[in-house]
Amino acid sequence: MTAPQVTRPALGVTDLVVRYPAGRRGAPGVTAVAGVTLDVPAGQVLALLGPSGCGKSSLLRAVAGLEPPAGGSVTWAGEDVAALPVHRRGFGLVFQDGQLFPHRDVLGNVAYGLRDLDRAARRDRVAELLDLVGLPGYERRPVATLSGGERQRVALARSLAPRPRLLLLDEPLSALDRSLRERLAEDLRHVLVATGTTALLVTHDQDEAFAVADRVAVMSAGRLRQVADPGTLWRRPADREVAEFLGYRTFLAGADAGTAVAPGGWRVAGTGGGPARDAVVTGHRTRRGLPEVVATIEPEGEPVTAVPAGATLPAPGTRARLVAEPAAVAVLGSTV
Ligand SMILES: Nc1ncnc2c1ncn2[C@@H]1O[C@H](COP(=O)(O)OP(=O)(O)OP(=O)(O)O)[C@@H](O)[C@H]1O
């Protein structure tokens, strides 16, 4: 009989604790990561999502070897990496500001980790990576002439050049404006999938986490609250705090207790089987150039906005029947 195949996760994090000691001027010690266990299978992208200060970067830094854990372990393919210094772990790093070498051109930056290759092979690999990140022919551009988005693409190419076994990305897009961030998030997903890269992405932006990751781990106050694929997380957040962090604002009462509705998820006189509410219209507003009805739902007494049924908006003071769009509805209470 053959032994059953055990597939080990590529990255394993078990009961990880990261503490910062008390400061010299009386600043108290901080437990930034308070016992986190998670894994990332080979070829998958896991996003660590959570509000500022929840410990995401500390967790990533401990995985990288930049922060010594106060407890727990980090393994790669089942082997503890504690004894390996940062540069021996075979992990690539991308930070918010790219941290490119300012006095080298794009070629010099991307080729940095390719010193083992001969000149021709190095050039080929750099050209291949610049193609991949959407900057073909950029080899000779001084980095000072690049836009913020181009810099982050070069940083990504540089980190992928030596084929890291794990890529660690700490808020790689958060210095960019929203529309650029959306486009780069899609491109980042494409590059990670095309290269089969195993990656851990730290972000505070749920749209970015959903766009890039196979699974999303929600953190708060140093602990993991939920790990799920984006669809499950959106539809079944573990609890109200996770749902609020994802952007849900309306939490229903009564027979619908445990149901949340995302902003913009209501329709006047809608159909489609979502929860329905009677509401008192309080006003109108415009969002992205389209009119919306502002109303207070009953019995919750919560203000919501709803898409009108047609060109005529119900007048303030009148009553309207609102129905929640199924795609904007979450049922709380999934387990981690
Ligand atoms: N070097 C440090 N010394 C002392 N405390 C630190 C240090 N680095 C982080 N902290 C504290 O640890 C906690 C977690 O910080 P961390 O940077 O890991 O959170 P984060 O979720 O990545 O936040 P952000 O998104 O703002 O970067 C915070 O309370 C922070 O103030």
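Remember, it's 1-based here, ligands and their atoms both numbered in the order they're listed. Index from 1, following the sequence.
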(request) Could you grab the distance from atom CZ of Arg89 to atom CZ of Arg165, nearest 0.5 Å is fine? (result)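 That separation rounds to 9.5 Å.
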(message) To the closest 0.5 Å, what do you measure between CD (Glu171) and CG (Leu176)?
(response)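 Spacing of CD (Glu171) from CG (Leu176) equals 11.0 Å.
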(message) Main chain of Arg236, side chain of Gln226: is a donor-acceptor contact present, judged purely on distance under 3.5 Å?
(response)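 Indeed, once roles are kept as given, a pair shorter than 3.5 Å links the two residues.
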(request) For the pair Asp205 (side chain) and Glu208 (backbone), establish whether a donor and an acceptor sit closer than 3.5 Å, ignoring hydrogens and angles. (result)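 Pair found, side chain donor or acceptor close to backbone of Glu208.
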For ligand 1, find out whether one of its N or O atoms is nearer than 3.5 Å to an N or O atom of [X].
X: Val202; result: no
X: Val30; result: no
X: Ala32; result: no

Salt-bridge contact [X]-[Y] (side-chain N to carboxylate O under 4.0 Å):
X: Glu302; Y: Arg277; answer: no
X: Arg189; Y: Asp214; answer: yes
X: Arg141; Y: Asp105; answer: no

(request) Answer yes or no for atom 30 (C) of ligand 1: protein heavy atom present at a distance under 4.0 Å? (result)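 Neighbour list for atom 30 (C) of ligand 1 is empty of protein heavy atoms (cut-off 4.0 Å).
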(message) Protein heavy atoms near atom 21 (O) of ligand 1, is at least one of them under 4.0 angstrom away?
(response)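 Yes; the ligand atom in question has protein heavy-atom contact below 4.0 Å.
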(request) Have a look at ligand 1 and work out which part of Arg61, if any, has a heavy atom under 4.0 Å from it: side chain, backbone, both or neither. (result)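 No part of Arg61 is near ligand 1 at this cut-off.
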Proximal ligand 1 atoms for [X], defined as those under 4.0 Å from one of its heavy atoms:
X: Glu171; result: 25 (O)
X: Pro51; result: 21 (O)
X: Cys54; result: 19 (O), 20 (P), 21 (O)

(request) Report yes or no: does a heavy atom of Gly55 sit under 4.0 Å from some atom of ligand 1? (result)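 Per 4.0 Å heavy-atom rule, Gly55 contacts ligand 1.
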(message) Within the structure, is a non-hydrogen atom of Gly222 found at a distance of less than 4.0 Å from ligand 1?
(response)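 Per 4.0 Å heavy-atom rule, Gly222 does not contact ligand 1.
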(request) Measure from atom 25 (O) of ligand 1 to every heavy atom in Gln96, Arg19, Lys56 and give the option owning the shortest one. (result)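 Comparing heavy atoms across Gln96, Arg19, Lys56, the nearest one to atom 25 (O) of ligand 1 lies in Lys56.
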(request) Could you name the option among Pro28, Ser58, Gly53, Gly29 that has the heavy atom nearest to atom 18 (O) of ligand 1? (result)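 Looking at heavy atoms only, the winner is Ser58.
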Considering non-hydrogen atoms of the protein only, which is the closest contact for [atom], and what is the distance?
atom: atom 27 (O) of ligand 1; result: Ser57 OG, 3.8 Å
atom: atom 26 (O) of ligand 1; result: Ser52 OG, 2.6 Å
atom: atom 6 (C) of ligand 1; result: Tyr20 CD1, 3.2 Å

(message) Both conditions, 6.0 Å and 45 degrees, for the charged tip of Arg115 above the ring of Tyr112: are they met here?
(response)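 Output yes; distance and angle both within limits.
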(request) Validate the cation-pi geometry between Arg158 and Phe101: distance from NZ or CZ to the six-membered ring centre under 6.0 Å, angle to the ring axis within 45°. (result)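 Yes, a cation-pi geometry holds between Arg158 and Phe101.
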(message) With salt bridge (charged side-chain N to carboxylate O under 4.0 Å, His left out) as the criterion, how do Asp39 and Arg215 come out once you've worked through the C-alpha distance, each side chain's angles and the decisive distance to 0.1 Å?
(response) CA-CA 10 Å; Asp39 58 53; Arg215 282 188 310 148; 3.4 Å; yes
